[in-house]
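These notes concern the structure reproduced below.
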Amino acid sequence: MIWVEKENFSIKQICDSGQCFRLRKLESSLPASYRHDSLGKGRSAVTETERYGITAFGRFLEIEEGADDIIFHCTAEEFEQIWKGYFDLEEDYGKIIGLIDEKDDYLLKAAAFGSGVRILRQDLWEVIVSFIISQQNNIKRIRKCIDYLCEKYGEKKQTKSGIIYYDFPTPGALADASLEDLYACNLGYRSRYIHKTAASIAEGQIDLNAIGRMGYEEAKTELLKLHGVGVKVAECICLFALHKTEAFPVDTHIHKVLGEQYPGGFEAERYKGYEGILQQYIFYYDLMNG
DNA sequence: CATCAGGCGAGAC
DNA sequence: GTCTCGCCTGAT
């Protein structure tokens, strides 16, 4: 069990920000054994918490979020090797928020509102499929589509505490699925995109490992070769899987805000290398309040 | 009933 | 290169 301070870090905000569709709020309560009066370090444990679950890298992690603390239910080794990097906990987001122009009231508000959002380091293949599904779609339905895919084509697993979960299906598993079966997962017209993209990766026309080693522009160009991946989705993949934080995906929300708040143009140059993080603050702020 | 949700590909020009 | 148009499906 690992305890983390909540400074610029909120699981709820990351969950709601819609960059990861397999981070979910869980309804059931944790076993009483997780409740401690003290976690050591001279701090007392949180009492009221929300419970979340994340499936990634073939694992399922339970997370509790309280007012001041977040508890990871895993070993110190697993936290260090996997989740610390996954949640980008070594980046100083306060520093990035500090770069914001003090005259830019809108961006200051957006960043204050979403200061707990972090840009995750998700699996490349999972993000490719997830964001192909995301086009002209809403978060609730996107999650449902991904659930169907995982349950139908992903490996079924169980945690020691008995929670059943499914790995994200491999490219091969989705390439073997018929177009008809993909339509049955309620993917709609995106079924054709998933079908063809899965095949091009399973057949080796596109090399995901190679993309993982590329810089931003080169990776984006390669991703655009995938059927169903346009500029916006390619930039999301670069940001959420390859951690290219210079990527600035423009979707309907961002497009609207740029028109309303930045008629003279958004000063992306000022925030070089961190555009994607600010994009996510703007997106999340507009998604929740717009 | 029309419109919209984190766009994209195909075809016209 | 830029523009328009149709597209699955569920919620409002």
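Computed from heavy atoms alone, side chains included, the values below leave out hydrogens, waters and symmetry copies.
- Applying the side-chain hydrogen bond (donor to acceptor under 3.5 Å, both in side chains) test to Gln135(A) and every residue at least two apart in sequence or in another chain returns nothing.
- For the P atoms, the distance linking dC8(C) with dG11(B) amounts to 15 Å, nearest Å.
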Nucleotides 1-4 of chain C: which of its N/O atoms have a protein N/O under 3.5 Å away?
none

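- Heavy-atom distances under 4.0 Å link DNA chain B to Tyr193(A) of residues 191-205 of chain A, given in residue order.
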Close N or O pairs between protein and nucleotides 9-12 of chain C (under 3.5 Å):
unit_1, atom_1, unit_2, atom_2, d
dT9(C), O4', Arg141(A), NH2, 3.0
dT9(C), O2, Arg141(A), NH1, 2.6

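- Residue Tyr216(A) is found outside any hydrophobic cluster, as its side-chain heavy atoms come under 4.5 Å of no other Ile, Leu, Val, Met, Phe, Trp or Tyr.
- The minimum heavy-atom distance linking Ile14(A) with Arg118(A) is given by the pair CG1-N, 3.6 Å.
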- Item | Glu267(A) and Asp101(A): CA distance, side-chain angles, deciding distance, side chain to side chain contact (heavy atoms under 4.5 Å, CB included) verdict | CA-CA 10 Å; Glu267(A) 212 187 342; Asp101(A) 183 349; 4.1 Å; yes
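- Contact check on Lys12(A) versus Asp16(A) returns a salt bridge, with a Lys/Arg side-chain nitrogen under 4.0 Å from an Asp/Glu carboxylate oxygen.
- First and last contacts of DNA chain B with chain A, using any nucleotide atom under 4.0 Å from a protein heavy atom and ordered 5' to 3', fall at dA5(B) to dA10(B).
- Other cluster members for Tyr166(A): Ile164(A), joined by side-chain heavy-atom distances under 4.5 Å among Ile, Leu, Val, Met, Phe, Trp and Tyr.
- The gap from the P atom of dG6(B) to that of dC5(C) amounts to 24 Å, rounded to the nearest Å.
- The pair Lys232(A)-Glu235(A) does not count as a salt bridge, with every side-chain nitrogen at least 4.0 angstrom from each carboxylate oxygen.
- Within the 4.5 Å cutoff, no side-chain heavy atoms of Leu278(A) are placed close to those of Ile97(A).
- A salt bridge links Arg59(A) with Glu78(A): at least one charged nitrogen is closer than 4.0 Å to a carboxylate oxygen.
- A salt bridge (charged side-chain N to carboxylate O under 4.0 Å, His left out) with Asp147(A) is found for one member of Lys152(A), Arg22(A), Arg24(A) and no other, namely Arg24(A).
- Under the rule for a ring pair (Phe, Tyr, Trp, His ring centres under 6.0 Å), Tyr148(A) has no partner lying at least two apart in sequence or in another chain.
- Checked for salt-bridge contact, Asp167(A) and Lys157(A) meet the test: a charged N lies under 4.0 Å from a carboxylate O.
- Of the residues in residues 119-127 of chain A, none has a non-hydrogen atom less than 4.0 angstrom from any atom of DNA chain B.
- Ion pairing of Glu65(A) with Lys6(A) is present here, as a side-chain N (NZ or NE/NH1/NH2) and a carboxylate O approach within less than 4.0 Å.
- The same atom, C1', is picked in dG6(C) and in dT3(B); the two are 15 Å apart, to the nearest Å.
- A continuous path of hydrophobic side-chain contacts links Tyr52(A) to Trp83(A) [ILVMFWY only; heavy atoms under 4.5 Å].
- The strand DNA chain B forms stems, runs of 3 or more Watson-Crick or G-U wobble pairs with distances below 3.5 Å, at B:2-5 with C:9-12, B:7-13 with C:1-7.
- Counting non-hydrogen atoms under 4.0 angstrom, Ser17(A) reaches a base of the nucleic acid.
- With respect to the salt-bridge test (charged N to carboxylate O, under 4.0 angstrom), the residues Lys25(A) and Glu50(A) qualify.
- When each of Leu224(A) and Cys20(A) is assigned the nucleotide of DNA chain B bearing its nearest heavy atom, the one mapping closer to the 5' terminus is Cys20(A).
- Aromatic pair Tyr285(A)/Tyr106(A): centroids less than 6.0 angstrom apart.
- Residues Leu174(A) and Ile142(A) fall within the same hydrophobic cluster, defined by Ile, Leu, Val, Met, Phe, Trp and Tyr side chains chained together at heavy-atom separations under 4.5 Å.
- Residues Phe87(A) and Phe72(A) place their aromatic rings such that the two centres sit under 6.0 Å apart.
- Among residues two or more places apart in sequence or in another chain, the ring pair (Phe, Tyr, Trp, His ring centres under 6.0 Å) test is passed with Phe131(A) by Phe21(A), Phe240(A).
- Interface residues of residues 228-246 of chain A facing DNA chain B, ordered by number: Gly228(A), Val229(A), Gly230(A), Val231(A), Lys232(A), Val233(A), Cys236(A), Phe240(A); criterion, heavy-atom separation under 4.0 Å.
- Comparing Gln279(A) and His227(A) along DNA chain B, the residue whose closest nucleotide (by nearest heavy atom) sits nearer the 5' end is Gln279(A).
- The distance between the ring centers of Phe113(A) and Tyr284(A) falls below 6.0 angstrom.
- As judged by a 4.0 angstrom heavy-atom cut-off over every strand, Leu226(A) is placed among residues touching the sugar-phosphate backbone only.
- The shortest side-chain heavy-atom distance between Ile237(A) and Leu239(A) does not fall under the 4.5 Å cut-off.
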